[in-house]
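Below is one structure, written out as structure tokens; comments come after it.
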Amino acid sequence: MRTVSMSLSNLILVAPRDGIRWLANFCWEGFRGASGSHGSNSSFRLLCSKSSGLEGGYSRRWTRRHMSTKTEGRNKTNLSSKPGSIVHEILDGKLPQSAALNVNKTEIIETQKTRYCDIQQKIVENKDLASLVTTIVFDIETTGLSREEERIIEIALQDLAGGENSTFQTLVNPGRYVPNPHVHGITTHMVCRPNVPRMEELIPILLQYVSSRQKPGGYVMLVAHNGRCFDVPFLISEFNRCSYEIPQNWLFVDTLSLARELKKSGVSRLPSKTSLQALREYYNIPLVGSAHRAMSDVRSLSMILQRLTFDLKLSIPGLVGKSFTALDCINSKKKKKNSG
DNA sequence: GGCCCTCTTTAGGGCCTT
């Protein structure tokens with residue numbers, strides 16, 4: 001009987017051949033651990049933040065206010081114990097800007113490309129390295145579909161390892177009118193509030209959260225449905241807008257691609273549609289919370305990922321082999337521009 | 001906007017994400 005505390009690394013190391021079933025068990029335990037707990041809310045006090053209104057304009061006045069995000073789980077991590085470091089980063093305005101890119105952008109992009117490829121290749125070739133992979137399912141809600149013009153208004157993540165702070169969710173203040181509450185139920189009034197963090201305030205917290213879940217010297221595999229075309233490019237766009245970059249050790253997996261692959265293989269009688277809702281209904285996964293809210297979709301996707309990987313006989317190295325990087329998204333966009 | 005399918009590849013339409 002596997003327990004939540006048993007790490008995926010141990011499972012993979014002991015007998016890689018059974019990685020498929022173990023991944024499924026692991027996901028299930030992680031999900032059950034997170035959803036079954038009452039959790040603990042963690043509020044991060046940000047001493048400095050830009051105040052904003054519906055029009056999206058910034059006030060340069062730094063204000064003291066309480067900003068809340070929410071985490072759940074059982075094991076302690078260094079996230080909640082070090083709010084000061086988050087405050088420090090924002091106080092000093094030490095945004096990890098890509099100043100170096102201005103020096104020799106091409107050279108750095110090539111270096112990053114090599115590094116990204118190295119990570120994927122190494123994990124696929126050396127299954128022991130799979131123990132260093134942290135699998136996090138995530139979802140975003142936005143004001144619309146265009147990453148150029150729209151903004152993120154909610155983000156949720158779930159570390160499939162479970163434990164305390166295994167989930168992270170927060171509304172995001174877009175500083176503008178929310179035109180599509182009929183889609184997700186998130187209204188302008190809910191997000192355009194002083195205690196709702198703006199994206200530039202949230203990113204350092206998000207980076208620290210993911211970092212807190214990461215194993216020493218490890219990698220992060222972020223999973224989203226239709227992530228390749230929507231969530232990841234949207235995230236890249238928002239990071240860039242706030243002068244941040246997606247960390248180099250983040251790999252991404254798109255469950256839409258997995259579902260399409262499974263459908264194509266004929267192994268499973270998947271429905272013609274491969275939307276999140278269709279997959280949830282096909283696998284008889286109960287809806288937790290409101291559909292189209294970020295955490296609800298994350299919980300559904302955590303279960304769907306488990307089932308898809310089981311049906312596709314995929315272990316962690318197999319998933320990594322199907323992953324892509326932020327740079328892949330950026331490069332494909334550039335190729336499209338050049339060819340057009 | 002990338003991916004997949006087909007009545008296809010010299011293309012177009014639908015899915016999927018909010």
Side-chain angles (χ1 to χ4, degrees), chain A residues 137-157 169-188 190-192 196 199 202 222-241 251-283 285 287 289-302 304-305 308 312 321-340:
Chain A
V137 174
F138 81 102
D139 186 49
I140 57 174
E141 302 302 322
T142 69
T143 56
L145 296 173
S146 167
R147 60 177 179 265
E148 310 287 345
E149 297 169 10
E150 307 296 349
R151 294 285 182 270
I152 292 174
I153 51 173
E154 187 177 42
I155 187 163
L157 301 89
Q169 62 177 316
T170 184
L171 291 171
V172 184
N173 186 342
R176 62 168 64 175
Y177 172 69
V178 178
N180 54 348
H182 58 283
V183 173
H184 35 57
I186 300 170
T187 63
T188 306
M190 287 166 67
V191 290
C192 290
V196 176
M199 200 61 199
L202 177 65
L222 290 143
V223 182
H225 198 63
N226 199 22
R228 180 156 206 125
C229 297
F230 185 73
D231 300 73
V232 178
F234 220 113
L235 210 57
I236 293 170
S237 180
E238 287 281 58
F239 267 59
N240 288 342
R241 186 175 62 79
L251 301 173
F252 296 95
V253 167
D254 187 349
T255 46
L256 179 59
S257 300
L258 298 182
R260 283 173 171 164
E261 184 183 332
L262 182 60
K263 194 169 75 171
K264 198 176 174 181
S265 73
V267 171
S268 192
R269 289 183 182 177
L270 279 180
S272 58
K273 289 193 171 188
T274 47
S275 66
L276 195 66
Q277 183 183 342
L279 291 172
R280 191 175 60 232
E281 289 171 358
Y282 173 73
Y283 284 125
I285 294 167
L287 181 64
S290 309
H292 296 301
R293 285 301 295 268
M295 184 48 77
S296 173
D297 285 354
V298 160
R299 285 179 168 154
S300 295
L301 189 57
S302 296
I304 289 168
L305 174 66
L308 286 174
L312 284 168
K322 296 180 183 301
S323 69
F324 59 96
T325 65
L327 206 61
D328 289 333
C329 290
I330 295 165
N331 286 339
S332 65
K333 191 182 174 186
K334 279 182 184 170
K335 275 184 190 172
K336 183 93 177 178
K337 261 188 180 177
N338 292 335
S339 63

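Chain A is the first sequence line, chain B the second, and so forth, proteins listed ahead of strands; every chain is numbered from 1. Only heavy atoms go into these numbers, but all of them, side chains included; no hydrogens, no water, no symmetry mates.
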Which pair of non-hydrogen atoms, one from A:Ile186 and one from A:Met190, has the smallest distance, and what is that distance?
CA-SD, 3.8 Å

Go along nucleotides 13-18 of chain B 5' to 3' and tag each nucleotide: B for a protein heavy atom under 4.0 Å from its base, S when only backbone or sugar atoms are that close, - otherwise.
--BBBB

Check: A:Lys263 side chain, A:Ser272 main-chain N or O, donor-acceptor pair, under 3.5 Å:
yes

Nearest-angstrom distance from the residue atom CG of A:Leu262 to C1' of B:dC4:
15 Å

Rounded C1' spacing from B:dT18 to B:dC5 in Å:
25 Å

Exercise: identify the closest heavy-atom pair between A:Thr142 and A:Asn180:
O-ND2, 3.1 Å

Could you measure between the two P atoms, the one in B:dT8 and the one in B:dG14, and give it in whole Å?
15 Å

Between B:dT9 and B:dC3, how far apart are the C1' atoms? Round to whole Å, please.
15 Å

Report the residues that fulfil side-chain contact (heavy atoms from CB on, under 4.5 Å) with A:Arg151, sequence neighbours left out, ordered by chain and then residue number.
A:Thr143, A:Pro174, A:Arg176, A:Glu238, A:Arg241

Determine the contact category for A:Lys263: base if any of its heavy atoms lies under 4.0 Å from a base atom, sugar-phosphate if only primed atoms, P, OP1 or OP2 are that close, otherwise nothing.
nothing

If the cut-off is 4.0 Å, is A:Arg228 near the phosphate of B:dC3, judged by side-chain N/O to OP1 or OP2?
yes

For A:Thr274, side-chain hydrogen bond (donor to acceptor under 3.5 Å, both in side chains) partners two or more places apart:
none

Heavy-atom distance under 4.5 Å between the side chains of A:Asp254 and A:Asn226, does that happen here?
yes

Whole-Å P distance, B:dC7 and B:dG13:
15 Å

